[in-house]
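Okay, so here's the structure we're looking at.
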Amino acid sequence: HYSFFPGTPRWPSNKRDLTYAFVPDNSLSNEVKNVFATAFDRWSEVTQLTFTPTDSFATANIRIGFFTGDHGDGEPFDGVLGTLAHAFSPPSGRFHLDGDENWVITSDITTSISMSAIDLESVAVHEIGHLLGLGHSSVEESIMYPTISSGTRKVELTEDDIQGIQSLY
Ligand code: TQI
Ligand code: ZN
Ligand code: ZN
């Protein structure tokens, strides 16, 4: 079953159109940016929320960046595997990914990826759930389940994820 963070933080009802920016903007390919756009779409399809990219990271609601090791927020990354990414509950909008991971991009669900490779979209869909206020779920098939088997791609929201987000928004 789905869960929320303590106190059930969420984006306020007058803030359902959210913007996101990549920091630093010039270092990411359009292919990578498209993966995030697709991941955001999966959540906007089942809610009233919209997600729009912006170049102005000073005003963006959600800030996405790749960092390695200690990057100044007290939650250092740890090199290959271990922690892959972290996102903070609303209205923080901080979404950091571990630049040391072997990130892969594939749209092909049948492609098996090597053991140390991490499917970027799978992690993005999970972390966006956290950015929106979802905690972890006890349903193993759900996006918000706290572990994923290595070499797995999991990007489709389950009924549990949808019920969770629809009870928040
Ligand atoms: N990062 C953890 C996560 O996002 C960070 C974390 C630990 C956390 N405990 C938390 C976040 C409690 C919110 C609340 O869950 S991770 C997966 C999964 C991670 C793990 O790098 O371990 C995914 C990031 F589910 F596959 F294990 C993304 Cl998809
Ligand atoms: Zn961080
Ligand atoms: Zn998580």
Side-chain angles (χ1 to χ4, degrees), residues 1-11 20-25 27-28 32 35-43 46 51 57-58 60-107 109 111-165 167-169:
H1 201 276
Y2 60 82
S3 72
F4 306 126
F5 291 103
T8 319
R10 56 178 161 159
W11 294 91
Y20 65 93
F22 298 97
V23 188
D25 186 65
S27 64
L28 296 178
V32 168
V35 170
F36 289 98
T38 304
F40 278 117
D41 281 348
R42 295 181 184 278
W43 292 105
V46 298
F51 302 99
F57 60 76
N61 300 121
I62 295 166
R63 293 182 188 79
I64 305 167
F66 289 81
F67 300 93
T68 57
D70 187 349
H71 53 283
D73 62 5
E75 312 235 8
F77 284 132
D78 53 5
V80 178
L81 300 180
T83 300
L84 314 171
H86 51 226
F88 298 80
S89 56
S92 158
R94 265 192 295 156
F95 178 0
H96 298 165
L97 299 102
D98 187 342
D100 284 332
E101 303 304 339
N102 178 16
W103 295 107
V104 296
I105 297 175
T106 174
S107 53
I109 198 90
T111 303
S112 67
I113 55 184
S114 80
M115 292 300 276
S116 66
I118 308 294
D119 180 64
L120 179 61
E121 189 180 347
S122 301
V123 171
V125 175
H126 179 97
E127 296 303 329
I128 292 165
H130 288 321
L131 286 170
L132 299 178
L134 289 177
H136 285 146
S137 172
S138 56
V139 176
E140 202 171 334
E141 299 72 36
S142 75
I143 289 290
M144 296 316 295
Y145 193 69
T147 62
I148 188 169
S149 337
S150 55
T152 301
R153 178 172 154 82
K154 185 162 80 173
V155 297
E156 309 267 4
L157 301 186
T158 64
E159 203 52 47
D160 181 69
D161 301 301
I162 294 169
Q163 281 172 12
I165 203 69
S167 67
L168 269 182
Y169 297 100

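Just follow the structure's listing: the first ligand is 1, and inside any ligand the first atom is 1. Nothing here was measured: the structure is a model prediction, and the numbers come from that model.
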### Task
Please round to the nearest 0.5 Å and tell me the distance separating atom CD1 of I62 and atom CH2 of W11.
5.5 Å

### Query
How many degrees, to 10°, between H126 NE2 and H130 NE2 as seen from the Zn ion (ligand 3)?
100°

### Query
Which N, O or S atom name in H136 marks its closest approach to the Zn ion (ligand 3)?
NE2

### Close side-chain approach of F66 to L28, heavy-atom, < 4.5 Å
yes

Every pair of nitrogen or oxygen atoms between ligand 1 and the protein that is under 3.5 angstrom apart - can you list them with their distances to 0.1 Å?
unit_1	atom_1	unit_2	atom_2	d
ligand 1	1 (N)	A85	O	2.8
ligand 1	4 (O)	E127	OE1	3.4
ligand 1	4 (O)	E127	OE2	2.6
ligand 1	4 (O)	H130	NE2	3.4
ligand 1	15 (O)	H126	NE2	3.3
ligand 1	15 (O)	H136	NE2	2.9
ligand 1	21 (O)	L84	N	2.5
ligand 1	21 (O)	A85	N	3.1
ligand 1	21 (O)	A85	O	3.2

### Task
Could you tell me the separation between the CE atom of M144 and the NE2 atom of H1, rounded to the nearest 0.5 Å?
14.0 Å

### Task
Measure the spacing between CD1 of I162 and OG of S142 and express it to the nearest 0.5 Å.
11.0 Å

### Message
Please identify which of these residues, F95, W43, Y20, meets the ring-ring contact (aromatic ring centres under 6.0 Å, His included) condition with F36.
### Response
F95

### Task
To the nearest 0.5 Å, tell me how far I165 CD1 sits from L134 CG.
4.0 Å

### Task
Just say parallel, tilted or perpendicular for the rings of H71 and F67, cut-offs at 30° and 60°.
parallel

## Note on the structure
At a cut-off of 2.8 Å, protein N/O/S around the Zn ion (ligand 2) gives H71 NE2, D73 OD2, H86 NE2, H96 ND1

### Query
Is the side chain of D161 donor-acceptor paired with the backbone N or O of I143 at a distance under 3.5 Å, no angle test?
yes

### Task
Report yes or no: does D98 contribute a side-chain atom to a donor-acceptor pair with the main-chain N or O of F77 at less than 3.5 Å?
no

### Query
For the residue pair F88 and H96, does the interplanar ring angle fall in the parallel (under 30°), tilted (30 to 60°) or perpendicular (over 60°) class?
perpendicular

